[in-house]
Amino acid sequence: MNADYEYRVTGCAGGGWRRTEWRTREQALEDYETACDNWDGVVGFERRTPGDDKTIQRRTEPDSGNWIDVTEDKIHFEDEKVKPA
């Protein structure tokens, strides 16, 4: 099931938005731990169908609650520039 998605972490650091690269769940969990230790704030743990930004969903933490669709109406991030974690 996890192979059906790719994952990333999104949050704030250094006065701006940061996102990790899309990776496997296991790799993104490592990114999440690093981000929690080093970023000003982690906003969410995201997943998508590989390569399809229209399918992005978010949780506040890797294992919290249900996945929430991310669209323009629900604070979709317009730019997809990625800074390394």
Side-chain angles (χ1 to χ4, degrees):
M1 183 171 146
N2 289 344
D4 295 339
Y5 297 101
E6 52 191 6
Y7 299 83
R8 73 176 177 189
V9 179
T10 187
C12 297
W17 288 107
R18 290 191 81 177
R19 283 173 215 90
T20 61
E21 297 285 346
W22 291 107
R23 297 160 39 107
T24 66
R25 179 175 170 80
E26 292 73 24
Q27 292 168 323
L29 287 170
E30 292 175 13
D31 291 342
Y32 181 82
E33 293 298 322
T34 300
C36 285
D37 290 342
N38 297 297
W39 293 3
D40 301 329
V42 173
V43 173
F45 191 76
E46 297 181 335
R47 74 177 185 183
R48 72 176 180 182
T49 302
D52 188 354
D53 285 346
K54 293 178 184 175
T55 64
I56 297 174
Q57 295 179 310
R58 181 184 300 135
R59 288 179 171 171
T60 55
E61 297 175 5
D63 295 318
S64 66
N66 295 324
W67 289 101
I68 299 168
D69 291 339
V70 178
T71 65
E72 290 181 54
D73 297 333
K74 299 176 186 171
I75 313 173
H76 182 275
F77 297 106
E78 295 293 328
D79 66 347
E80 290 297 322
K81 294 181 181 177
V82 177
K83 294 182 182 179

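Owing to the predicted nature of the structure, the values given are computational and were not obtained by experimental measurement. Computation of the quantities below employed the complete heavy-atom set of this structure, encompassing side-chain atoms and omitting hydrogens, waters and symmetry-equivalent molecules. Heads up: numbering here begins at 1 and tracks the sequence.
Side chains of Trp17 and Cys12 form a contact here, defined as non-hydrogen atoms less than 4.5 Å apart.
Of all non-hydrogen atoms in Leu29 and Pro62, the two that sit nearest each other are CD2-CB, 3.4 Å.
Panel note: side chain Asp40, backbone Gly14; a donor-acceptor pair is recorded below 3.5 Å. Under the 3.5 Å distance criterion, the side-chain polar atoms of Thr55 are matched with a main-chain donor or acceptor of Thr49.
Applying the side-chain contact (heavy atoms from CB on, under 4.5 Å) rule to Thr60 yields the partners Ser64; only residues at least two apart in sequence or on another chain are considered. Partners of Glu30 under the side-chain contact (heavy atoms from CB on, under 4.5 Å) rule, at least two apart in sequence or in another chain, do not exist in this structure. When the side-chain contact (heavy atoms from CB on, under 4.5 Å) test is applied to Asp37, no partner is found at least two apart in sequence or on another chain.
To the nearest 0.5 Å, the span separating OG1 on Thr20 from CH2 on Trp39 amounts to 5.5 Å. Distance check: Arg58 CZ to Ile68 CD1 gives 8.0 Å after rounding to the nearest 0.5 Å. Considering CD of Glu6 and CZ of Arg47, their distance stands at 12.0 Å, rounded to 0.5 Å.
For residues 41-62, every residue pair satisfying the ring pair (Phe, Tyr, Trp, His ring centres under 6.0 Å) rule, not counting sequence neighbours, is listed here: Tyr7-Phe45. Residue pairs meeting the salt bridge (Lys or Arg N to Asp or Glu O under 4.0 Å) criterion with at least one member in residues 59-68, sequence neighbours excluded, are Arg25-Asp63.
No salt bridge links Asp31 with Arg8; every basic N to acidic carboxylate O contact stays at or beyond 4.0 Å.
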